[in-house]
Enquirer: 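There's a structure below that I have some questions on.
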Amino acid sequence: MFDAARAGDSAAVRAVRLEGERIAYTVAAAAAVLDPDLVVLGGGVGHSIDLLLRPVRETLRTLTPLRPKIVPSRLGEDAVLLGAVATALGTARDVVFERRSAS
C-alpha cells in the first residue's frame, strides 16, 4: 500500500490518509491520559513516516490541543522486537541479581 501511495495510486493515497487519521486518534487518546512530549512511531508505521506524518498532524490538530512531537523510531521495523528483548534482559538481570544477593 505505501509503495503504491508513493507511486501516486489514488486509492492507496486515500488508504494511507485514513491510516494516518487512525493513528492520530490513538495519539490523541494517549496524549489525553499521558501528556507526552514525544511520540515515537515504530515498525512499518515509522518506516512510512514520509506519508503518514502530515495526515497524523492535521488530524491531531482537529482532535486535541495536546500536540506531542511525532518522530519515526530509529530502530525501524525491529523496534518492537528489540524492545521485547530489552525488557526480557532487564527482567532476567533482576532475577539473577536477586538470587545472588539472597545466597
Enquirer: Between Arg17 and Glu58, does any side-chain N to carboxylate O distance fall below 4.0 Å?
Expert: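 Counted as a salt bridge, because a side-chain N and a carboxylate O are separated by less than 4.0 Å.
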Enquirer: Can you give me the closest heavy-atom contact between Gly42 and Ser73, atom names plus distance?
Expert: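 So the two residues come closest at CA-CB, 3.7 Å.
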Enquirer: Could you tell me the separation between the CG atom of Leu53 and the OG atom of Ser48, rounded to the nearest 0.5 Å?
Expert: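 Leu53 CG to Ser48 OG: 12.0 Å, rounded to 0.5 Å.
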Enquirer: Look only at the side chain of Thr26 and the backbone of Arg22, and say whether a donor-acceptor pair between them is shorter than 3.5 Å.
Expert: yes
Enquirer: How long is the gap from OG1 on Thr62 to CD on Glu21, to the nearest 0.5 Å?
Expert: 8.0 Å
Enquirer: Give the intermediate values and the outcome of side-chain contact (heavy atoms from CB on, under 4.5 Å) for residues Leu52 and Leu41.
Expert: CA-CA 10 Å; Leu52 292 168; Leu41 300 178; 5.7 Å; no
Enquirer: Could you state the interatomic distance from OH (Tyr25) to CG (Leu63), rounded to the nearest 0.5 Å?
Expert: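 Result: 5.0 Å between the selected atoms.
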Enquirer: If you take all heavy atoms of Val16 and Phe2, which pair is closest and at what distance?
Expert: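 Smallest heavy-atom distance, with atoms named: CG2-CD2, 3.7 Å.
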Enquirer: Step by step, work out the side-chain contact (heavy atoms from CB on, under 4.5 Å) result for Thr64 and Leu60.
Expert: CA-CA 6 Å; Thr64 179; Leu60 200 55; 3.8 Å; yes
Enquirer: Just do the side-chain contact (heavy atoms from CB on, under 4.5 Å) check on Met1 and Arg6 with the steps written out, would you?
Expert: CA-CA 9 Å; Met1 168 178 67; Arg6 285 187 185 94; over 6 Å; no
Enquirer: So which heavy atom on Pro36 is nearest to which on Ala31, and how close?
Expert: CD-CA, 3.6 Å
Enquirer: Check whether any side-chain heavy atom of Val39 sits under 4.5 Å from a side-chain heavy atom of Pro68, and report yes or no.
Expert: yes
Enquirer: Return yes when atom CZ of Arg67 has more than 12 non-hydrogen atoms of other residues, nucleotides or ligands closer than 6.0 Å, and no otherwise.
Expert: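 Counting other residues, nucleotides and ligands, CZ of Arg67 exceeds 12 neighbours.
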Enquirer: Examine distances only and state if a side-chain atom of Asp78 and a backbone atom of Leu81 form a donor-acceptor pair shorter than 3.5 Å.
Expert: no
Enquirer: Kindly give the heavy-atom pair with the smallest separation between Val56 and Ala24, and that separation in Å.
Expert: O-CB, 3.5 Å
Enquirer: Please round to the nearest 0.5 Å and tell me the distance separating atom CD1 of Ile49 and atom CD1 of Ile23.
Expert: 7.5 Å
Enquirer: What pair of heavy atoms forms the shortest contact from Ala5 to Val13, and how long is it?
Expert: O-CG2, 3.7 Å
